[in-house]
Amino acid sequence: MSADKQSDEQYHEQTCMLWMDHRAEVEAEEINACSSPVLQYVGGGFSPEQQPPKLLWIKRHLPDTWARAAHLFDLPDWLTYKASGSTVRSLCSATCKWGYVLERGGWDTQFLGSVGLEELVDLEMLGRTVMSPGESIPGGVSDSAAEELGLKPGISVAVSMIDAHAGTLGLLQHVPRTPSRTLSIISGTSTCIMGLSARRTFVPGVWGPYQGAVLPGMWLYEGGQTAAGSALDHIVHNHPAYTSQITYTQLNTDLGNLTNPETLTRTRDLHVLPDLHGNRSPLALPWFRGVISGLDLDSSYASLLNMYLATVQGLALGVRLVMDKLREHGLEYTDIAVCGGLAKNPLYLHVLANVTMTRVAVPRAENMMCAGSALLAQCAHQGHVLHDILDAGQAEMDVYKPGEEFSQFYEKKYKVYCNMVTEQLRYREIMHSE
C-alpha cells in the first residue's frame with residue numbers, strides 16, 4: 001500500500017496489490033538473478049507474492065503512483081500507521097515480505113540499488129525504524145485516530161504482525177506443545193505452513209529463515225500453498241454435479257464414516273495435484289499448475305464426492321511435501337496445529353493426520369488471528385515480552401490421530417503425487433525448449 005506525498009492518504013489510482021497478485025513474475029525472476037545474500041533469507045529467491053518484485057512492477061507499470069508515493073506499507077503496518085501516525089515498521093512484515101534481514105543489520109541498500117529500487121535506498125519510503133511485534137509504538141493512538149474511533153488518545157498501539165503469523169501465535173497459545181516441535185497451518189484461500197526453531201538453517205524453496213518474526217529468539221520457516229481453500233472451491237464448484245445448495249458438511253456426510261478405510265481409499269485411481277496458482281513451496285515456482293489424473297465421463301454426484309476427496313488428499317499431500325523438505329534440513333515437527341477455514345472441515349483434518357502420520361490439533365476457540373493480535377496488544381500495554389505471556393495448555397481442542405491402517409495407501413498416493421510433480425516439470429521443459 002502506498003500513501004500520497006501531498007495528502008498522506010490513498011488517492012484515485014491503484015494503491016494496493018493483493019498478496020495473491022502474480023503480475024510481478026518477471027520482476028521476481030530478475031531480482032532472483034542477482035547474487036545478493038538477502039535471497040538466502042527468503043528460501044533462495046523472492047516470490048511475486050512478496051514485496052520487492054511488486055514494488056519493481058509498480059515502478060515500471062504505474063509510474064505516477066510510484067512518483068507520488070511517500071510511504072510503502074504492508075497492511076499490518078498501514079493499520080498501525082493509521083492508528084498512531086507512526087511510520088514504524090514491524091519486524092514481522094519487514095522480514096517476511098520486504099527483505100529486511102536482522103542478522104545482517106536490517107535493510108540492505110546495496111541490494112535495493114542493484115535490483116532497480118534505488119529510490120528506496122534512503123529508507124524513507126520503507127521505514128527507518130523497525131520494531132519487534134508486541135512492542136509499544138511511541139505515542140500510542142493519535143488524536144485524530146482517537147476522535148475517529150471514539151477512543152482515548154495515547155492508548156497503547158502494538159507493533160503488528162501479518163495475519164497468518166498472528167494466527168501462528170494464537171495457535172501456540174492454545175495448543176499445549178513446544179513451539180519448536182509444532183507445525184502451525186493457517187488455512188484459508190491459501191495455507192501458510194509455519195515452523196519455528198531455535199537454530200538457523202537455509203531450506204531452499206521454503207521462505208525464511210526469518211529471525212524474530214513470530215517469537216523473539218526463534219527462527220521462522222514458512223512454507224505454504226498459494227491455492228488451498230480457493231483450489232478446493234474451484235474444483236468442487238466446477239464439477240457438473242455441483243449446485244449452490246451443496247455444502248462441504250453435506251459432502252462429508254455423504255462420503256460416510258471418515259475413519260473407515262473404505263471411505264478414504266475410493267480415490268485409488270483418482271489423483272489431484274491442486275497447485276492451481278503456482279507452487280509456493282517447496283518448488284517456489286509461480287508458473288506451476290495443477291493436474292488431475294483419472295478423469296472419466298462420469299458427471300454424477302458420486303463422481304463429485306470422489307473429486308472432492310481426491311482434492312482434499314492432494315492438499316494434505318502438499319503439506320507432507322513441505323514437511324519432508326523441512327525434515328531434510330533437520331527441522332522435525334511432531335505435532336500439527338491448524339486454524340482457519342480448513343480447520344472446520346473434519347475430512348481435511350482426518351486426511352492430514354493420516355497423510356503426514358502426525359497428530360493434528362485444532363483449538364475449539366474461534367479465530368486464532370484475533371487471539372494472536374490480542375497477545376500483541378497485551379504485550380504493548382503491560383510491557384511484557386511475548387515469551388512471558390505465551391502460556392499454553394488451558395484451551396480445549398479437538399485432536400485427530402493418524403491410523404496405521406491408512407499408511408500403506410497414503411504412501412502409494414504420495415509416490416503418485418511426487419511423480420505428478422516431476423512430470424509437470426518435465427512437460428514444462430519439453431514445451432519450453434528450443
Inset, instruction - Determine, for Y100 and R89, whether the Lys NZ or Arg CZ falls below 6.0 Å from the six-membered ring centre while staying within 45 degrees of the axis. - result: no

Inset, instruction - Examine R428 relative to W287 and say whether NZ or CZ is less than 6.0 Å from the centre of the six-membered ring and inside a 45° cone about the ring axis. - result: yes

Mind checking whether [X] and [Y] have parallel, tilted or perpendicular rings, split at 30° and 60°?
X	Y	result
H277	H22	parallel
H237	Y248	parallel
Y417	Y414	parallel

Between [Y] and [X], is there a side-chain donor-acceptor contact under 3.5 Å, judged purely by atom types and distance?
X	Y	answer
T226	E49	yes
Y410	Q313	yes
Q225	S190	no

Legend entry - F73 and Y81 aromatic centres sub-6.0 Å: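 F73 vs Y81: aromatic centres under 6.0 Å.
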
Legend entry - Proximity of F111 and F46 rings by center, below 6.0 Å: yes

Quick one: pull up [atom1] in [X] and [atom2] in [Y] and give me the separation to the nearest 0.5 Å.
X	Y	atom1	atom2	result
I185	L342	CD1	CG	9.0 Å
S180	E332	OG	CD	12.0 Å
H165	C192	NE2	SG	6.5 Å
Q51	L72	CD	CG	9.5 Å
L264	K413	CG	NZ	10.5 Å
I336	T182	CD1	OG1	10.0 Å

Inset, instruction - Look at the side chain of K325 and the backbone N and O of G223, then say whether any donor-acceptor pair between them is shorter than 3.5 Å. - result: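 No.
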
Looking at [Y] and [X], is there a salt bridge between them, counting it only when a charged N and a carboxylate O are closer than 4.0 Å?
X	Y	answer
R359	D335	yes
D275	R289	no
K54	E27	no
D324	R320	yes

Legend entry - Nearest heavy-atom neighbours spanning V157 and G140: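 Distance-wise, the nearest heavy atoms are CG2-C, 3.7 Å.
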
Legend entry - Flag if over 12 foreign heavy atoms under 6.0 Å of NE2, H381: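 It does not: H381 NE2 has 12 such atoms or fewer within range.
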
Inset, instruction - Step through the shown structure and confirm whether more than 12 heavy atoms of other residues, nucleotides or ligands are within 6.0 Å of CD on E328. - result: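 Enclosed.
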
